[in-house]
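Below: one structure, written as structure tokens.
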Amino acid sequence: MDVKDRWALVTGGSRGIGAATVRELAARGAKVAITWHTGEHEAAELSRSLPTSAEPLALACDVRRPGDIDRVAAEVRARGIEIDVLVNNAGTPIRGTFEDATAEQWDDAFALHVRAPALFAKAIAPGMRSRGRGVIVNVGSVAGLRGVPGITMYCTVKGAVIQMTRAMARDLADAGVRVVCVSPGIIRTDFHRAMSAEQKKLNEEKRIPLHREGRPEEVARIIAALVEADYITGENVTIDGGLTMRIA
């Protein structure tokens with residue numbers, strides 16, 4: 001799909017991969033709406049930095065709250081905006097083993113990483129169906145493909161995102177709507193900046209074949225390319241410098 005003059009909605013779009021995706025889509029001519037939860041200042045700064053042709057719209061939303069998702073969808077419809085691209089990016093690191101995790105933490109993890117993208121897709125997909133076009137991009141993680149110690153809940157919910165993408169793609173294919181997933185590896189965002197110098201050195205020297213962290217802009221370019229790739233649906237693309245290539 002050519003994104004020029006199409007509306008894209010990016011959840012968690014105020015920083016990191018989300019903000020980079022907003023910039024990339026706007027650079028390709030899209031109009032952009034973003035949701036933010038804790039990044040009000042960043043969302044405002046990002047909106048001011050975009051070309052006026054992007055008509056940036058920033059909306060507060062705690063995606064863990066179904067009512068917030070409904071409110072955002074209603075506000076978009078009230079403005080006469082037709083969303084042709086939905087990027088389900090909102091998320092946060094979740095640390096702890098299954099032995100550490102409480103029932104409430106499990107509920108919160110699924111609400112944020114699995115239920116929220118499903119409900120956003122549910123809210124936006126009917127318009128896509130009626131127009132016979134649209135792309136949904138879910139942001140997963142290589143943690144959804146690997147057993148990573150100390151982050152059981154994160155691995156679990158990101159694995160669910162990858163499988164949900166496949167099921168959504170089958171549900172929407174007959175309507176001409178595509179669903180894809182991207183799974184970043186170690187990307188230079190707030191998530192990974194907290195790593196120790198020793199862990200960073202190990203990653204770059206031993207674990208990542210390309211010997212460097214990725215950049216949010218590199219993930220954003222792949223997201224935009226998948227939006228424009230009209231014959232790809234139901235796929236998960238890893239963006240990790242070869243990290244998961246080592247799985248046997």
Side-chain angles (χ1 to χ4, degrees), residues 1-13 17-18 21-22 24-26 28-35 54-59 61-91 110-140 144 157-158 160-183 220 222-237:
M1 175 190 295
D2 184 351
V3 300
K4 184 174 174 56
D5 295 326
R6 306 285 190 195
W7 272 98
L9 171 61
V10 181
T11 70
I17 290 170
T21 301
V22 168
E24 182 66 29
L25 292 171
R28 297 184 186 215
K31 301 175 182 180
V32 291
I34 69 175
T35 72
E55 300 182 27
L57 173 64
L59 301 170
C61 181
D62 181 349
V63 301
R64 296 168 299 182
R65 298 177 180 273
D68 277 20
I69 295 173
D70 291 341
R71 175 181 50 76
V72 167
E75 183 161 351
V76 165
R77 286 193 298 269
R79 292 170 178 262
I81 293 172
E82 297 179 343
I83 300 295
D84 284 325
V85 179
L86 170 64
V87 181
N88 281 312
N89 167 75
F110 271 94
L112 175 58
H113 289 276
V114 183
R115 188 181 70 190
L119 291 181
F120 259 111
K122 181 179 180 179
I124 300 301
M128 293 180 172
R129 276 187 178 276
S130 68
R131 296 187 297 277
R133 65 173 187 261
V135 185
I136 298 170
V137 182
N138 296 321
V139 178
V157 295
K158 287 305 189 181
V161 168
I162 294 168
Q163 183 58 25
M164 181 172 64
T165 297
R166 299 184 181 111
M168 281 183 174
R170 293 301 296 266
D171 285 342
L172 293 172
D174 287 347
V177 178
R178 296 185 295 110
V179 189
V180 293
C181 185
V182 296
S183 287
I222 296 299
I223 290 173
L226 287 169
V227 169
E228 294 178 342
D230 290 334
Y231 203 51
I232 298 176
T233 195
E235 292 299 321
N236 174 49
V237 177

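Quick note: numbers below take in every heavy atom, side chains included, and nothing from hydrogens, waters or symmetry partners.
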E235: which residues meet the side chain to side chain contact (heavy atoms under 4.5 Å, CB included) condition with it, sequence neighbours left out?
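With sequence neighbours excluded, E235 shows a side chain to side chain contact (heavy atoms under 4.5 Å, CB included) to I232, given in chain and number order.
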Do you know which of V22, T21, V139, V137 makes side-chain contact (heavy atoms from CB on, under 4.5 Å) with N89?
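One option only clears the test, and that one is V139.
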Do R178 side-chain atoms and L226 backbone N/O form a donor-acceptor pair below 3.5 Å?
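Such a contact is found between R178 side chain and L226 backbone.
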Side-chain donor or acceptor of T35 paired with backbone N/O of L59 under 3.5 Å:
no
Can you tell me how far the [atom1] atom of [X] sits from the [atom2] atom of [Y], to the nearest 0.5 Å?
X	Y	atom1	atom2	result
I69	I124	CD1	CD1	10.0 Å
M168	C181	CE	SG	10.5 Å
T165	I136	OG1	CD1	9.0 Å
L9	L86	CG	CG	5.5 Å
N138	N88	CG	CG	5.0 Å

Grab the two heavy atoms, one from [X] and one from [Y], that are nearest each other, plus how far apart they are.
X	Y	value
R129	V177	N-CG2, 4.1 Å
A125	L172	CB-CD2, 4.3 Å
A224	E24	CB-CG, 3.7 Å
V3	E228	CG2-OE2, 4.1 Å
V72	C61	CG2-CB, 3.8 Å
A90	T11	N-OG1, 3.0 Å

Under 4.0 Å between a side-chain nitrogen and a carboxylate oxygen: does that hold for R28 and D2?
no
Between V10 and V32, does a side-chain contact (heavy atoms from CB on, under 4.5 Å) hold up when you go through it step by step?
CA-CA 7 Å; V10 181; V32 291; 5.6 Å; no
Once side-chain hydrogen bond (donor to acceptor under 3.5 Å, both in side chains) is applied, do any residues pair with [X], and if so which ones, sequence neighbours excluded?
X	value
R170	none
N236	S183
D84	R131, R133
R77	none

Under a 4.5 Å cut-off applied to non-hydrogen side-chain atoms, are I34 and L57 in contact?
no
Over 12 foreign heavy atoms within 6.0 Å of CZ, R71:
yes
Partner residues of K31 under the salt bridge (charged side-chain N to carboxylate O under 4.0 Å, His left out) criterion, sequence neighbours left out
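For K31, the residues satisfying salt bridge (charged side-chain N to carboxylate O under 4.0 Å, His left out) (neighbours in sequence not counted) are E55.
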Let's go through V63 and F120 carefully: what are the C-alpha distance in whole Å and the side-chain angles of both, what is the deciding distance for side-chain contact (heavy atoms from CB on, under 4.5 Å) to 0.1 Å, and is it a yes or a no?
CA-CA 9 Å; V63 301; F120 259 111; 3.7 Å; yes
